[in-house]
Amino acid sequence: MTTHHTGSVVFTNVKKQFGTFTAIHDLSLDIEPGTLVTLLGPSGCGKTTTLRMLAGLEHPTAGRILIGGKDVTMLPANERDVSMVFQSYALFPHMSVLENVAYGLESSKMKKNEARERAEEGLKQVGLAGYGRRLPAELSGGQQQRVAVARALVLEPQVLLLDEPLSNLDARLRRRVRTEIRELQQRLGFTAVYVTHDQEEALAVSDKIIVMQDGLIAQQGSPRDLYEAPASSFIADFIGEANVLPCEVLRSDGGQAIIRVGKLEHSVPGRSARPGPARIAVRPNAITLEAAESGAFPGSIRHAAYLGDHVEYEVETEAGTLFVVDPAIDRTLPPATNVSIGFHQRGIAIINN
Amino acid sequence: MERSDRRLNIALGIGLAGLSLVPWYRIESGFFGFDWLGNFPNGSNEAPALLQIFAHGRWTLAVIALLFAVGLCARAFKVSSLRSNLLIAAGAAGIVFLVLQGLAVGFTGWTWTMTEALFGPLADGQPSMGAGAGLVALSFVLMFSFGLAERGVLRGDAFVVASIALLVFLVSIFVFYPVGSMFIGAFQSFDGSFDPSGFVRNIQDPSIWSLDCLVGGNRCGVAWRTLMLAILSAFGSTLLGLCFALVATRTRFPFKKGLRLLTILPIITPPFVIGLALILLFGRAGVVTHQLSNLFGIEPGRWLYGLTGIWIAQVLSFTPISFLVLIGVVEGVSPSMEEASQTLRADRWRTFWKVSLPLMKPGLANAFLIGFIESMADFGNPLVLGGSHGVLSTEIFFAVVGSQNDPSRAAVLAIILLFFTLSAFLAQRLWLAGKSFATVTGKGDSGAHIALPRSLSIGVHAIVIPWILFTLVIYGMILFGGFVRTWGLDNTLTFEHYQRAFSFSFENGAIAWTGVAWNSFWTTIKIALISAPLTAAVGLLTAYLIVRQRFVGRNIFEFALMMSFAIPGTVIGISYIMAFNLPPLEMTGTALILIACFVFRNMPVGVRGGVAAMSQLDKSLDEASLTLRATSFRTIRKVILPLLRPAIVAALVYSFVRAITSISAVIFLVSAEYNMATSYIVGLVENGEYGVAVAYSSMLIVVMIVIITCFQLLVGERRLRRENRVATAFIPSAAPQEKAAS
């Protein structure tokens with residue numbers, strides 16, 4: 001596990017059908033070597049199928065898959081230079097930790113002694129030196145997860161695949177392990193494809209995020225791109241919550257656009273907004289509320305919940321119900337209070353469509 | 001070298017060896033006798049295929065060699081769609097042509113007039129296929145599968161594709177081909193020409209279909225008698241099985257553990273033994289008959305020999321099976337349903353009739369159908385007890401071995417029997433599929449089953465306790481019977497029978513097996529030891545393919561395999577004789593035919609156990625192994641098999657024991673050289689040597705108990721250790737596996 005020969009991944013017009021159901025319609029993507037790319041989306045969007053096709057556990061109905069420039073479309077899983085960390089870890093329960101880690105090396109016809117040595121080294125890399133003789137069941141969830149990573153990494157694959165690797169860990173551990181994975185990836189410099197349905201996780205670890213919806217790529221880009229310039233209301237709502245409101249773009253100049261919601265005019269960053277009707281995505285914490293009988297954009301509190309460090313409101317407006325996160329905890333506006341709604345400078349994006 | 005090239009080399013190497021290094025045809029004295037080496041490669045019988053073509057004018061083989069050459073050429077290319085298409089075409093055409101060639105050319109020349117007209121008469125016929133043909137067939141199947149794998153079929157997994165292809169090939173040869181030949185045999189005369197007269201005569205035979213028992217006062221036809229017997233036996237064993245299950249789960253019966261032991265009995269009892277014990281008790285010279293006649297002057301009758309006796313024997317034999325099925329059903333009814341009923345003001349009686357019993361209905365139907373199929377297939381008891389009142393399975397036997405020797409009649413009877421059992425099997429699969437209300441869920445279903453209503457409880461006890469005693473007497477009879485000189489006439493105790501069967505002496509420092517039973521005993525053990533691992537391997541491999549692989553026709557594949565379980569042994573036996581007595585495949589009189597019969601008859605049980613156990617294993621374990629560069633073969637060996645150990649042992653024990661106890665198919669297939677214990681015992685019974693027969697039977701039972709106990713100890717130990725080592729992580733608790741193993 002010293003230096004990795006890292007590979008790129010290319011999907012060209014890949015299609016996957018299960019019987020009559022089409023899981024992936026027409027997928028083309030390009031992953032740079034040495035980056036960590038996340039496939040993100042709700043369940044059933046095709047992200048896991050994509051990962052499994054990359055691993056060779058499913059074969060595409062049409063299209064080509066290249067790993068490190070080599071066409072692997074028809075290659076079975078065991079002949080591909082990738083390895084995978086499973087959601088359930090899939091550690092072999094009847095083998096010791098060391099046997100688990102050495103399994104892949106021995107499968108690739110490495111001498112037993114050498115394989116064991118390399119496995120020891122791999123365990124050291126993930127901070128589990130000395131745990132080799134235990135059985136997987138004798139480790140904690142986080143340790144099992146690291147064994148699974150070590151088992152995949154000792155093979156020095158061109159691409160490491162991770163299928164929701166954190167979903168079996170408790171919330172507190174998740175944050176730590178995802179940092180560890182990211183550090184390991186950057187230290188060793190391998191290419192990683194990471195599947196998750198948790199947008200926060202995706203934002204935290206990725207170089208690039210590919211959001212999928214119904215077997216298609218909805219948008220891809222850096223975490224910042226996706227958050228600040230969502231291409232659709234689906235993305236806006238999926239990457240961080242957002243209120244999507246109809247608005248009208250009055251004019252745009254120099255990267256700023258002036259929009260109008262109700263009678264409220266507001267200036268937002270908008271690189272290519274054209275004048276006319278449009279929609280904006282407003283983050284819950286980008287909305288201000290003032291108790292007032294009337295305003296440029298009026299609303300009425302429907303429900304309020306005190307949550308310690310912030311207050312959550314549902315506000316009824318002409319444009320629909322808004323979800324608002326208000327950091328002002330020393331006041332709680334009771335239901336049926338009439339409010340005047342305003343926007344912060346940040347946290348608002350025009351949806352280009 | 002790439003993996004795909006390496007495996008293709010092996011396949012082609014096998015084929016080359018088959019064409020040039022071993023005799024193409026069957027060696028009469030046995031291949032492993034290696035007598036053929038003397039005449040090899042020039043003898044007209046011993047020559048390999050390549051020499052047969054040129055030196056002996058068997059030009060039809062040339063086509064096979066040419067098709068093989070196409071496969072060889074394909075190897076010259078790199079992996080490409082051209083190469084895979086060539087391989088698929090050569091493999092498929094090779095198999096088809098090999099089969100056609102084998103069927104078309106018989107001992108004396110063309111067997112089909114059509115080919116004779118087309119190509120002119122052949123100079124020489126050919127013997128049956130032998131080692132060479134087998135290797136080349138294997139090579140073609142592999143070529144075909146590797147071609148498919150290279151095209152990415154089944155994710156390009158060559159091992160999986162080849163396994164499926166081989167299994168389909170073998171099942172076709174050993175299940176569908178014989179049954180098919182039997183159907184054809186029904187329409188053939190002795191010389192093999194088409195002649196429907198035998199079929200027409202037999203299918204209309206009043207002795208099969210007559211309804212005289214309803215209108216004329218005479219006996220009904222054998223088909224109706226068999227059907228009636230099957231319905232009555234199924235009814236009796238289901239009812240008794242239900243009583244046993246209720247006693248075991250819903251009462252405070254003190255010997256519940258002992259009841260469970262009862263379920264092992266049918267597995268280790270050779271099927272005719274119950275009938276034998278009944279004869280010793282109630283036959284004309286039986287103990288009970290004798291006593292009754294002494295005490296009350298009741299004339300000894302022959303009432304036992306006929307449907308009544310068979311019925312009693314079958315109910316005794318099948319009740320434990322039905323108990324085994326129904327105990328799961330009765331336990332499966334969720335206690336919370338019964339508790340809910342009680343909170344809704346229903347008393348215990350109403351709860352039982354309105355809630356518990358209706359929920360058990362699909363399970364009861366299932367037990368009934370199993371009893372029905374078992375009764376139809378039963379051969380041992382009718383043979384021992386039937387007398388002149390035969391059933392279909394024994395009639396089939398006498399149609400072949402008796403003075404009649406009418407294969408067409410045997411085939412017709414077998415078709416009728418097959419029709420009955422397959423109908424029951426289909427009913428079970430289609431009608432009952434998914435109808436189980438048994439509610440064993442992963443959720444903790446707390447609560448206890450309510451006790452039976454008092455009157456019902458008394459009722460089931462009144463049935464169960466006498467029946468248990470009866471069973472105990474029967475088995476006591478079997479164990480004790482071997483120590484009595486002549487039943488009814490001379491009740492002195494003796495070791496005579498055991499001596500006759502199992503005596504041995506030391507001569508010149510070596511053991512001489514002088515007893516009459518040893519020959520068949522060792523043959524039985526040997527064949528059981530060979531076929532048990534094969535059965536388990538084929539069964540578990542099939543289970544793996546069914547559970548873990550998705551392929552076109554998977555459901556049909558599974559269905560066809562399971563269906564072979566519903567084919568009665570007698571039908572298998574008769575069809576094996578009809579199929580494997582003449583070229584292209586000749587196996588009668590060999591050990592091979594016995595082994596093949598056991599493997600393909602007992603495999604479905606291994607499949608069922610394997611499927612149940614494998615469904616418990618997380619699929620991501622295999623996938624992880626695959627992504628870690630292991631082939632599917634290595635995955636099975638290193639990951640799946642170690643985790644399936646209990647299921648493997650269960651399959652091994654079952655197939656071993658079944659190979660020892662089965663009689664129905666075996667009796668057709670044994671020969672002087674390879675005689676099996678059960679058919680030897682039946683021979684003893686027919687000669688009236690009850691003492692030796694019983695002694696031999698109880699010896700078999702004891703041997704099997706010893707073997708099962710050994711295995712059980714082995715499994716128990718493993719499971720304990722595994723539970724200790726792997727507490728919660730990936731293996732579900734051992735309980736469901738225990739079920740699968742039983």
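Quick note on labels: first sequence line is chain A, next is B, and so on, each numbered from 1. These numbers come from the heavy atoms of this one structure, side chains and all, not from hydrogens, waters or symmetry mates.
- Counting only heavy atoms from C-beta outward, the side chains of B/S625 and A/F92 approach each other to under 4.5 Å.
- Interface remark: A/Y103 contributes backbone and side-chain atoms alike to the contact with chain B (heavy atom separation under 4.5 Å).
- A salt bridge between B/K638 and A/E106 is absent, with no side-chain N of the basic residue lying under 4.0 Å from a carboxylate O of the acidic one.
- Counting heavy-atom neighbours within 6.0 Å of A/D170 CG, excluding the residue itself, gives a total above 12.
- The residue among B/D157, B/V79, B/V639 with the most heavy atom pairs within less than 4.5 Å of chain A is B/V639.
- Residues of residues 627-637 of chain B having a heavy atom under 4.5 Å from any heavy atom of chain A, listed by number: B/T627, B/L628, B/R629, B/A630, B/T631, B/S632, B/R634, B/T635.
- If you measure heavy-atom distances from A/R151 to chain B, the contacts under 4.5 Å come from both the backbone and the side chain.
- Taken from CD in B/E150 to CG in A/L75, the straight-line distance is 11.0 Å, to the nearest 0.5 Å.
- In this structure, CZ in B/R151 is found 9.5 Å from CE in A/M74, a value given to the nearest 0.5 Å.
- The OG atom of B/S620 lies 11.5 Å from the OH atom of A/Y89; values are rounded to the nearest 0.5 Å.
- Here the straight-line distance linking atom CD of B/E623 with atom OG of A/S88 works out to 9.0 Å at 0.5 Å rounding.
- Neither the backbone nor the side chain of A/D163 comes within less than 4.5 Å of any heavy atom in chain B.
- The minimum heavy-atom distance between A/P76 and B/G156, with the atom names listed, is CG-O, 3.7 Å.
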